[in-house]
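For clarity, every value in this text was computed on a predicted model and none was experimentally measured.
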Amino acid sequence: MRVISGERKGTKIKAVPGDNTRPTTDKVKESLFNVIGPYFNGGRALDLFAGSGGLGIEALSRGCEEAVFVDQHFKAVQTIKENLMTTRLVERSRVLKKDVSVALTELASETPFKLIFLDPPYAKERLVEHVTYIEQHDMLTDNGVIVCEHGSEIELPDRIGRLEVVKRMRYSTVISITLYEFMELEEEV
């Protein structure tokens, strides 16, 4: 695995040891960032179920100002910290070893995020619940995007509160990504 583009382009990053995580492949990451970016002029990123931290690190490399990484597993947190050291992005990041629901509650009062990545273990997906919480607590900027990586057998709803699907991408029989943004409000006549 490596950083695909931006100021840390080409830097290798480690995967979490063991079989409990499935890092987003370089091919999927490159395709995803070509759709949502490819580059950013500041803003905050939130990498939930961060694993190795590859998505948040890519966002930082491509111009996000700050990233918060959340994972509850010790090996994942250690790997994220090592990858942030390797990419020299420690000073622009924060790593929280917490359950995602607890972290969302704590982060709800902070400045909203431009990018929010959710890549939970497929067997434990509670994506609709987490996206609903994010929407209800205004954790996404007006021009932000929520990236949900999930099993291809899962079809997320077209709308969750004020958020609507702007793109669905299927990478294999196993991996799909759904993007949510705020709906544009129709002007009253």
Side-chain angles (χ1 to χ4, degrees), residues 6-7 16 21 24 32-33 35-37 39-85 87-121 124-150 156-167 177-185:
E7 64 183 280
V16 179
T21 62
T24 303
L32 170 64
F33 277 88
V35 171
I36 64 172
Y39 300 100
F40 309 99
N41 186 16
R44 302 175 74 214
L46 177 60
D47 192 349
L48 300 170
F49 308 98
S52 64
L55 293 173
I57 288 171
E58 189 72 28
L60 287 170
S61 180
R62 292 176 183 245
C64 279
E65 179 181 323
E66 178 191 16
V68 178
F69 299 85
V70 178
D71 206 298
Q72 65 179 348
H73 298 288
F74 177 78
K75 286 182 181 177
V77 168
Q78 287 302 112
T79 302
I80 295 164
K81 289 179 177 178
E82 289 173 21
N83 285 334
L84 289 169
M85 292 284 285
T87 55
R88 295 171 292 145
L89 293 168
V90 173
E91 68 282 351
R92 292 169 46 201
S93 61
R94 188 163 33 133
V95 181
L96 304 176
K97 182 182 179 305
K98 295 181 185 290
D99 175 79
V100 164
S101 296
V102 173
L104 285 174
T105 302
E106 292 179 8
L107 295 167
S109 62
E110 295 187 6
T111 303
F113 295 90
K114 182 178 185 68
L115 299 173
I116 300 178
F117 302 100
L118 294 105
D119 186 9
K124 299 178 180 175
E125 293 178 3
R126 293 170 34 205
L127 287 167
V128 173
E129 177 184 331
H130 294 311
V131 171
T132 299
Y133 187 90
I134 291 165
E135 186 270 335
Q136 290 177 343
H137 291 83
D138 296 321
M139 296 180 71
L140 185 70
T141 61
D142 289 343
N143 62 350
V145 62
I146 297 175
V147 177
C148 298
E149 186 170 333
H150 53 86
L156 294 175
D158 291 337
R159 289 188 176 179
I160 299 177
R162 296 169 292 148
L163 296 164
E164 69 179 350
V165 171
V166 292
K167 192 161 185 92
I177 292 179
T178 301
L179 305 179
Y180 285 96
E181 293 180 356
F182 282 115
M183 293 184 286
E184 290 187 28
L185 298 175

I'd like to know if the side chain of Ser61 reaches the main chain of Ile57, judged simply by a donor and an acceptor atom lying under 3.5 Å from each other, with no hydrogens or angles considered. no
So CD of Glu58 and CD1 of Ile36: to nearest 0.5 Å the spacing works out to 9.5 Å
Nearest-0.5 Å distance that lies between atom OG1 in Thr79 and atom NE2 in His73: 12.0 Å
For the CG atom of Leu89 and the CD1 atom of Ile80, what is their distance to the nearest 0.5 Å? 13.0 Å
Search all heavy atoms of Asp99 against all heavy atoms of Ser101 and return the closest pair with its distance. OD2-N, 2.9 Å
Nearest heavy-atom neighbours spanning Phe69 and Gly53: CE2-O, 3.4 Å
Rounded to the nearest 0.5 Å, how far apart are CD of Glu181 and OG1 of Thr141? 9.5 Å
In sequence, state the C-alpha distance, the side-chain angles, and the governing distance for Leu46 and Leu104, and then conclude on side-chain contact (heavy atoms from CB on, under 4.5 Å). CA-CA 10 Å; Leu46 177 60; Leu104 285 174; 4.2 Å; yes
Heavy atoms, side chains only, cut-off 4.5 Å: are Leu96 and Leu107 in contact? yes
Within the side chain of Lys114, is there an N or O that forms a donor-acceptor pair under 3.5 Å with the backbone of Gly144? no
Other residues, nucleotides and ligands only: do more than 12 of their heavy atoms fall within 6.0 Å of CG on Asp142? no
Main-chain N/O of Thr111 paired with Arg44 side-chain donor or acceptor, under 3.5 Å: yes
Please round to the nearest 0.5 Å and tell me the distance separating atom NZ of Lys97 and atom CD of Gln78. 10.0 Å
Got a second to check how far Leu163's CG is from Glu135's CD, nearest 0.5 Å? 5.0 Å
From CA spacing to verdict: side-chain contact (heavy atoms from CB on, under 4.5 Å), Leu55, Val147: CA-CA 10 Å; Leu55 293 173; Val147 177; 5.7 Å; no
I would like to know whether His130 and Leu48 meet side-chain contact (heavy atoms from CB on, under 4.5 Å); could you show each step before the answer? CA-CA 10 Å; His130 294 311; Leu48 300 170; 5.6 Å; no
Of the options Thr132, Asp119, Thr178, Leu118, which is the one that meets Leu127 in a side-chain contact (heavy atoms from CB on, under 4.5 Å)? Leu118
Minimum heavy-atom distance between Pro121 and Phe49, given as atom pair plus value: CD-CD2, 3.9 Å
Shortest non-hydrogen contact between Ile177 and His150, atoms and distance: C-NE2, 4.1 Å
Between Val90 and Met85, is the side-chain contact (heavy atoms from CB on, under 4.5 Å) condition met? List the steps. CA-CA 6 Å; Val90 173; Met85 292 284 285; 3.7 Å; yes
Which heavy atom of Glu65 sits nearest to which heavy atom of Arg92, and what is that distance? O-NE, 3.3 Å
Side-chain (Arg94) to main-chain (Glu66) donor-acceptor, under 3.5 angstrom: no
Looking only at heavy atoms, the pair that brings Glu91 and Arg88 closest together is OE2-O, 3.4 Å
Taking Asp71 for the side chain and Gly51 for the main chain, is one N or O donor matched with an acceptor at less than 3.5 Å? yes
Is it true that Arg162 and Asp138 make a salt bridge, defined as a side-chain N closer than 4.0 Å to a carboxylate O? yes
Pick out which of Leu179, Val165, Leu156, Val128 makes a side-chain contact (heavy atoms from CB on, under 4.5 Å) with Cys148. Leu156
Return yes if some donor-acceptor pair links the side-chain N/O of Ser93 with the main-chain N/O of Val68 below 3.5 Å, else return no. no
Once the angle between the rings of Phe117 and Phe33 is folded into 0 to 90°, is it parallel (under 30°), tilted (30 to 60°) or perpendicular (over 60°)? tilted
Student check: side-chain heavy atoms of Ile146 and Phe113 closer than 4.5 Å: no
